[in-house]
Every structure is written in structure tokens, then in C-alpha cells.
Amino acid sequence: AEGLLAAREAVCQVLVERGMQCTPDQILITSGSQQGFDLVIRTLVRAGDIAIVERPTYTGPLRSLRVAGARLVTVGIDGEGIDVDELAELLRSRRAAGETMPKLVYTIPTFGNPSGATMSLARRLRLLEIAVEYGLIVLEDDPYGALRFHGEPIAALHALAAQVPGAEHLVIHFGSFSKIIAPGLRLGFMVSPAPVRAPCLIARQLTDLSSPGWIQMAIARYVTSGRLAAHLPLIRAGYRAKAEAMRDALVEQLGDRFDCHFPEGGMFAWGRLADGRDARQWLALAI
């Protein structure tokens, strides 16, 4: 259920190449990164628990949190990712008022869905400091991090946790091969501390038992043979061309009527209409 050793070793190889340190024993192979998130929510969240999410964020995890009965609190983002000042003030005010404190914060720090935003290094470190101060579990969703086509990489929260005393056991990292090899493979992974991994493994045994072994072995061979490393520059170039075409078209067609922070990688760009128009009216036209 935890995944074949060869697959977990391949995941470690990929993560080490991205600057993270982990061992196969910390890895749980999942059917896409969203299954890992669902397993964590099932084992850690109880009805009435408070979860902090970015505004906007990916809708899939929101559904899992709502099904679990969690209460959602949102924190805004800008071009540098989650607003850590707003987050700190939210937590400070709740503690001062004696209110129930949030249990976790869910973030997509690199090329967020749907914002396209990437959290700066300074904000990542500050987020980890806040997590330690308030005992927050940090759920780091990183399915797009390998798709950078401009700028310099920024270390994952899981990698940076070693620099913030007390943060090492608060970060749970989710990743996926679905966005960088083939969506239909549905193979992802979760890196977590042992006290989290153990109950998630039991929960996994109660769902689909395990990911298909032949897909795990295919991924393992694809990674260890060097084919993934050779494939990534090709898809990065493809995404760069598409992103630049979209950027140029938006600038040409809308000009200053549309405000957008264009991403340095990933699959998403998020903008706002600057002239007070209702985007829902445009949605009907787009459909």
C-alpha cells in the first residue's frame, strides 16, 4: 500500500534533484497528489476543525475539507503568494479573542492553481515561522513546481523547514507525475513525518489498496533511466510558448482593462477586470 520500493526510490531521486532531502520510508505513493491530500484530511481533520486556504485556490481540496466538516478561512494572495501578514494577524486576533485556532493551512506555493503566483523565499520562511508559533500543519501542494520556464527555482517549503527550528514535523508535501509525464497515469506521492504517514497508510488500505504496480515500475524506470530529465525541457518550452502567446493576446486585446500577474511557470494565469465589469458576463460569452 505504501508503494513499491523502486517507485519510492525514484520519487526520492526526483525530490533530491529539486533540493529536498527524504528517504523511501517517508514516501507514500498515491493515485495522484489529490489522493494524498484526501488521506491526510481523513486522518487529521474532524468536523468543526478550522482550515486556512488561499484566496483563490484549487477547488478539489476545498471539497475534501467540506466533506470532512472543516470550517474554511481564507487568506489573500498576490504575485508573491500568500499574504503572510494577513495570516499572522488572523491568527493573532483569534488567539487574543480566545477563539478556536486553525489546525492547518493549505497552500500551492509554486505556480498556484488558479493564481499562477509563486511564493517568495522570504514569505516561505515567514510562513514556516508562523506555523511553528501557532502549531499549524502546512499542507504543501506542489504538482507544478518542475514546470518553471522563467526565473530561478525557489526551494520547497519541505526543503526550507530544516532552516526553521520546529518546522520539520509540520510540513506535509504532495507531488505528482500526472502534470509532468502523463495525466492518465494518476501517480502521485506524499512526503510526511512518520506519525502522519502511519494512519494515512491504514486509510489507504481501506480505499484502493495500492496504486497499480506496473505503472509504479514504469515511472521508476522512466526516472532512473534519465528520460524524465530529458523530457522536462521539452514540456517547459511548450508551456512557455503557450503562456507567452496568452500574455501577448491579452495585452493586445484588453490592454489596461485587464490586470494580470503573469507566472514564471506552471499552467495558470489569474487576472482581474480593471474596469468594473462582471467576469460572469464574460463567462457566458466564452462558453
Side-chain angles (χ1 to χ4, degrees), residues 14 17-19 32-34 53-62 74-84 86 106-124 140-157 174-185 188 227-287:
V14 169
E17 291 171 355
R18 298 180 189 174
S33 61
Q34 190 161 317
V53 298
E54 296 169 327
R55 186 178 64 246
T57 191
Y58 174 44
T59 57
L62 295 181
T74 67
V75 174
I77 61 175
D78 57 23
E80 292 187 56
I82 193 168
D83 186 335
V84 289
E86 180 183 341
Y106 169 69
T107 179
I108 310 174
T110 308
F111 315 135
N113 177 358
S115 68
T118 293
M119 197 184 304
S120 64
L121 176 60
R123 289 197 188 183
R124 292 178 191 231
E140 178 183 30
D141 201 358
D142 187 31
Y144 318 108
L147 299 177
R148 175 175 288 277
F149 45 74
H150 288 304
E152 295 298 320
I154 303 176
L157 291 167
F174 305 101
S176 177
F177 292 107
S178 302
K179 304 299 187 293
I180 58 176
I181 298 179
L185 290 177
R227 295 176 74 108
L228 176 60
H231 175 65
L232 287 175
L234 300 177
I235 58 175
R236 287 173 186 146
Y239 281 120
R240 179 173 59 247
K242 292 182 178 183
E244 291 175 351
M246 175 173 281
R247 178 197 61 201
D248 294 346
L250 287 170
V251 170
E252 177 184 349
Q253 298 294 328
L254 297 178
D256 58 6
R257 291 178 294 167
F258 184 72
D259 181 26
C260 181
H261 173 82
F262 288 99
E264 296 181 333
M267 301 178 172
F268 308 99
W270 176 272
R272 296 183 182 277
L273 299 174
D275 58 2
R277 288 180 180 268
D278 187 341
R280 285 172 294 189
Q281 296 174 353
W282 285 26
L283 176 61
L285 179 62
I287 291 173

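Residues take their numbers from the sequence shown, with the count starting at 1.
Arg148 places no side-chain N or O within 3.5 Å of a backbone atom of Glu264 that could act as its donor or acceptor partner. Without hydrogens or angle criteria, Glu86 side chain to Gly76 main chain gives a donor-acceptor distance under 3.5 Å. Formation of a donor-acceptor pair under 3.5 Å by the Arg247 side chain with backbone atoms of Pro263 is not found in this model. A donor-acceptor contact shorter than 3.5 Å links the side chain of Arg124 to the backbone of Pro109. The backbone N or O of Ile180 sits less than 3.5 Å from a side-chain atom of His231, completing a donor-acceptor pair.
Taking the side chain as every heavy atom from C-beta outward, Phe111 and Met267 never approach each other to under 4.5 Å. A 4.5 Å side-chain heavy-atom check between Phe177 and Leu185 finds every atom pair outside the cut-off.
A distance of 10.5 Å separates CD in Glu54 from CG in Leu62, rounded to the nearest 0.5 Å. Put simply, CG on Asp141 and CG on Asn113 are 8.5 Å apart, with the number rounded to the nearest 0.5 Å. The CZ atom of Phe262 sits 8.0 Å away from atom CG of Asp248, with the distance rounded to the nearest 0.5 Å. Separation of atoms CG (Asp278) and CG (Leu273) is listed at 8.5 Å; rounding is to 0.5 Å. Taken from CZ in Phe174 to OH in Tyr106, the straight-line distance is 8.5 Å, to the nearest 0.5 Å. Atom-to-atom distance recorded for Glu17:CD and Leu228:CG is 7.5 Å, nearest 0.5 angstrom.
Shown here for Tyr239 and Leu147, the closest heavy-atom pair between the two residues is CE1-CD1, 3.9 Å. In this structure, Ala117 and Gly81 approach most closely via the heavy-atom pair CB-N, 4.1 Å. Between Ser176 and Ser178 the shortest heavy-atom distance is OG-N, 2.9 Å. Annotation for Arg236 and Phe149: closest pair O-CB, 3.7 Å, computed over non-hydrogen atoms. Across Asp256 and Ala274, no two heavy atoms sit closer than the pair O-CB, 3.5 Å.
A side chain to side chain donor-acceptor pair (under 3.5 Å) with Arg123 is found for one member of Thr118, Asp78, Asp83 and no other, namely Asp78.
No more than 12 heavy atoms of other residues, nucleotides or ligands lie within 6.0 Å of CZ in Arg227, so this atom counts as exposed by the packing criterion.
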| message | Let's go through Val14 and Arg18 carefully: what are the C-alpha distance in whole Å and the side-chain angles of both, what is the deciding distance for side chain to side chain contact (heavy atoms under 4.5 Å, CB included) to 0.1 Å, and is it a yes or a no? | response | CA-CA 7 Å; Val14 169; Arg18 298 180 189 174; 3.6 Å; yes
